[in-house]
Amino acid sequence: MSKYHFNDIEAKWQKIWAERQTFKAENQSDKPKYYVLDMFPYPSGAGLHVGHPLGYIASDIYARYKRHKGFNVLHPQGYDSFGLPAEQYAIQTGQHPKKTTEENIARYREQLDKIGFSFDWSREVRTSDPDYYKWTQWIFIQLFKSWYDKNEDKARPISELEILFSKEGNQKVIAACDDDTEPFSAEDWNGFTSEEKQQILLKYRLTYLAETEVNWCPQLGTVLANDEIVNGVSERGGYPVVRKKMKQWSMRITAYAQRLLDGLDKIDWPQPLKDSQTNWIGRSKGASVKFKVLPPTPSSGGGAGYRLTGDPQSIKLLLRKAKEMRKSPTLAEKKLWQELRTSKLGYKFRRQHPVYKFIPDFVCLEKRLIVEVDGKIHDFQVEEDELRTLTLKEKKGFNVIRFTNKEVEENLEKVIHRITETLNSLPSGEGQGGDTIEVFTTRPDTIFGVSFMTLAPEHDLVSKITTEAQKAEVEAYVEASAKRSERERMADVKTISGVFTGAYAEHPFTGEAIPIWIGDYVLAGYGTGAVMAVPCGDQRDYDFAKHFNIAIPNIFEGIDISEEAFADKENTIIAHSDFLNGLSYAEATQKAIEALEAKGQGKGKINYRLRDAVFSRQRYWGEPFPVYYKNGMPQMIALEHLPLRLPEVSAYLPTEEGEPPLGRAEVWAWDTNTNKVVSNKLLSPTGGDAQRAEGDNGIYPLELNTMPGWAGSSCYMFRYMDPTNDEVFASKEALDYWENVDLYLGGSEHATGHLLYTRFWTKFMNDRGFLPVDEPVKKLINQGMILGESAFVYRLIIYLMDTTDNGSIVYEPFRIVPVFVSKNKYPVTNEFIESKELEDFAFNLLQTQVPQLPFLKLKEWFTDISLLSKNFKSLNKEELFEYLKGKIRFGINVLHSDVSFVNTSNELDISAFKNWRPEFKDAIFILENGKVYDSNSPFEGGEGDVFKVSREVEKMSKSKYNVVNPDDICEQYGADTLRMYEMFLGPLEQAKPWSTAGITGVHSFLKKLWKLYHTGAEESFHLTNEPASKDSLKTLHKTIKKVQEDIENFSFNTSVSTFMIAVNELTAQKCNSREVLEPLAVLISPYAPHIAEELWEKLGHNESISTAPFPIFDEKHLVESSKEYPVSFNGKMRFKLELPLDLTPAQIEEAVMAYDKTQEQLQGRTPKKVIVVPGKIINIVG
RNA sequence: GCAGAAGUGGUGGAAUUGGUAGACACGCUGGACUUAAAAUCCAGUGGGCAGUAAUGCUCGUGCGGGUUCAAGUCCCGCCUUCUGUACCA
């Protein structure tokens, strides 16, 4: 009674482990700590499939190994139990998501328990458990109560910001905050009302409520974060996503962009994963440049003409006159010009520039200021001057200041002072002329190559700057691109489109007018949504310029740009660029930035692609925000009143008014008097309205949104350290002891979602002193996905083909009874299948089916098509068939079959398949050998009577019917076999299809292992205490060495091979010595813990094997006295030669040359050279 | 397009610093046991050529070059597949 009864053994030990709490971790210990974590699962309705355990088995092996190595191991497990599927299911069935979630968790737990994981279940967490989400709400509150100080580069309490504001206003504070924050002084601040203060603080908080453009998914009825969108559609469900402005909670993750990047150097994560985080954060270094938008003029239309503000009718005359006047300036004019030219005052002035019908002396277009120096003539023309001033002001909106020659000549300083004052007093943005367009560029060195600018169609300035003439075209374009979904835009990358706005911007250095275009190749969401286009240096700009015939100035030394843009920074030498000529990319960039800074028109800037994360979801099954609204301002509920529990709702859908499902809750108002949730009816008569009149009753509406799926998973690894603590998130002692996760296992699909958010929250919590570490995970490993092998059956589609009066051919599928054909019978193509055999079959089918189906019904169906011959109704049965001849065609449809109906030879279990779905009950099958199987001719199962399916590797999914559950494997082969087999499949990080093809090999290995410890037909336990043979000790120690190395390198597949080799060798050696077999049990226990425990017990131990010390490798057992040298000739191995290891190379060479096989190979030739690598190889070069 | 990973028998995959290519397993073939099957055990198994045979020769790690006494491994240039990402200015 001692055979390897794995079912009994496994059940026995699983029970004992649970009862004795074998794997419970203590928060204090003399041993060093080690924290091994799996990404906790979402408990889906489909149950656990064989892909889930892959990572869990690997981490369990590591956790068990670490226990053997003397570590205090924390290895917890829990459930990420808030989420969409449970809610979707609830919408469909009305079942409370809590109920289905609990049922699913129960099933998961049962499945997990059967695999023998060493989880400490006493620490289980569930994100949907109020005792857990209390702390998620708490973290949210802490984020709300914090701001990001860029000076100290850390998050600080918002109370400290309030103190700063009251002392020095917000001018000196450098914080991560909203862009539209207005400057204010300490006095301003102290004068603000409480609401105004709250409004301002909201712009600084790390989680803030703001009107933002979000990704709205109408089908899911909720917003989605960027990482929840894949290829422009929702990750879940694949529904379209549109951009929409909504008031939402956001997380200021952008404040941490640089630290999230820098932290990657400190952690041991896979490079591809680090790369995708780096790309997601998307740091790029360059400059932000401000371009002034030039004011439009009636004569606008082309470059230079734009600047002419003069009257179009007399422009030619004016220009000629202006030119003349410039040649003969008065002394005063000359003197003043020296001060005004080259933007010395910060603004560009032009002299003798025509405005309307006049030629004023100096004009600043940007500020619409005219400076006149009166010559002698004007002394007597005061009235005329006044008229002129008035005309300029009224007709053109120019202000005029006037100086006398004397003033300029004698007190230039005073004159300049007055001009400067006037300039500063004039609003910079008056009219359309004062706008600036800010762009971000990584190539400020190419600024002289700018020949146009492009704005995203959504850019704020588009409507403002577009000229009357271009208005219709621009508006049409903006509307068209708004309609195009994200997906369309992406599918259509190659098409160049855009429209000229009619407006121009001024080049910061040359002053040239640059046309401003809009184009959807510029994305509103990146940078500023505007670019300075340098067609010679950027391919997209180049293509755009070519397409619209815009100039492509070349600013690169010795580069041909007639075919394409030149984007190679390394080999750049700038030319035709004024003060940048001859410089390299790096030099020119620096110089350009300096020049821009001097002009106040730009600065060096680092730009990030990363956006703030939207944190609101219009969903039921998520964490409620601990937020109520007073006078429209969000207020936090204090920790002592948490958790704020999810309310009950009548349905899990949005309300008719479009509010989230929580809008349906009847008891969902916050009573600040009692600090309890109360009925909505208690809200004042304006009920539900966030605005509250004075003298209210202290009852306020609660937030209706819930938190996103990643909220609960962003800090859960720390809650495991002290999961039942009711006072704090986790005690300081526990946090200090466990620090962070030493080894984290999970899929790479979380690279830019969970793994970025969790790093963000950890850094935040660390800043605020809630956590002692600033990275959650030291080492991370991505296990590869286990793919499913889907099975497909071929359904024969019988079409009816007819010719109508107008000659077109019409096909209609013949819907009588499903017919399936075996895989290799007919080719799957888009063409119809030509087959006499099938034709006969189809007629036969009709003949046999028609008596069963009411004949009239069949006729009715044909008339439904109504494309057949007109007198069809009058046909009798025989005539009908006669009519159908030649009108029948065949095609094949491929559909998924459940993989459980298919065996390893790809043969379908027909009866199981027929019972699968009611519509297949009477299905007909054409077998591989051509036999037809239907209800009349029962399946015989004779030679060749098989129905084959085709197979293809796909992601495991319920909808593809290719999910394989681990339960059956455990039942049939045992958990130990499953564990070893999953590891044996291949390298952990590699994706691989699931196939049970090789599982018997692993299973028989375990049986062989068992037999090593047993003897005789009855397999009774039998070991000797005799010393083991030298060979057996060698086997043991080489196994210890290899297995230890493999576990530490996470190369679990190779250690399974090592075990097989060891058992094969020990079996051959007939080893049954305790000296070898006792350590062997420990070696194998991380992989196959049940059999190891059973053997350990039989070896006479009362304690669990789980903490038995790992065997110590001893080199001495592997020391050899001789080596079988491979002897190569010109690198090709020819034979082997056994030689003592203590020979010198010269002795080896001598021995080899003396060997007769060597001489045989050489056939009398003398070798040129003999390479001897002692202990390795001998190579004879001939 | 960009970034990363990979390409080895019929299959999954070994080969850790350049040193016996194909470990270990599946599958297949043959044999033993059995009335039979399952299970178990034994032997063989990269291709080609020669030989009754032992055996020998030869070609072989996506393709083409190179470095080296020696290359699956290092270098250069291609091809293919997978994964991630994308008008990122």
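The sequence lines fix the lettering, A, B, ..., with proteins before strands; numbering per chain opens at 1.
For the pair A:Glu989 CD and B:rG84 C1', the computed distance is 15 Å after rounding to whole Å. In this structure, A:Gln271 atom CD and B:rG4 atom P are separated by 9 Å, rounded to whole Å.
Nucleotide B:rG64 has B:rC76 as its partner under the Watson-Crick or G-U criteria, with both atom distances under 3.5 Å.
Without hydrogens or angle criteria, A:Tyr1125 side chain to A:Val1172 main chain gives no donor-acceptor distance under 3.5 Å. Formation of a donor-acceptor pair under 3.5 Å by the A:Asn1053 side chain with backbone atoms of A:Leu985 is not found in this model.
Annotation for A:Lys569: atom NZ counts as buried by contact number, over 12 foreign heavy atoms lying within 6.0 Å.
At a threshold of 4.0 angstrom between heavy atoms, the contacts of A:Val1173 include nucleobase atoms, whether or not backbone atoms are also involved. Residue-level contact check: A:Asn1064 touches the backbone only, with heavy atoms under 4.0 Å from sugar-phosphate atoms and none from bases. Counting non-hydrogen atoms under 4.0 angstrom, A:Pro993 reaches nothing in the nucleic acid. Looking at heavy-atom distances under 4.0 Å, A:Gln990 makes contact with sugar-phosphate atoms alone, never a base. Residue A:Phe984 is in base contact, counting any heavy-atom pair closer than 4.0 Å across all strands shown. Within 4.0 Å of A:Asn1179, counting heavy atoms only, lies at least one base atom of the nucleic acid.
In this structure, A:Arg609 does not reach the B:rU85 phosphate: none of its side-chain N or O atoms is under 4.0 Å from OP1 or OP2. Phosphate contact (OP1/OP2 of B:rC69, side-chain N/O of A:Lys1168, threshold under 4.0 Å): absent. Considering only side-chain N and O atoms, A:Arg1134 lies under 4.0 angstrom from the phosphate OP1 or OP2 of B:rU58. Of the side-chain N and O atoms in A:Asn1053, one or more sit less than 4.0 angstrom from OP1 or OP2 of B:rA14.
Taking the side chain of A:Ile1061 as heavy atoms from C-beta on, and the options B:rG4, B:rA23, B:rC87, the nearest nucleotide is B:rA23. When distances are taken from the side chain of A:Lys1136 to each of B:rG4, B:rG13, B:rU20, the shortest belongs to B:rU20.
Residue order along RNA chain B, read from the 5' end via each residue's closest nucleotide, puts A:Leu985 first among A:Leu985 and A:Thr442.
Taking OG from A:Ser1055 and CD from A:Gln1044, the interatomic distance works out to 11.5 Å, rounded to the nearest 0.5 Å.
At a cut-off of 3.5 angstrom, the base of B:rU20 holds no donor-acceptor pair with the side chain of A:Lys1132.
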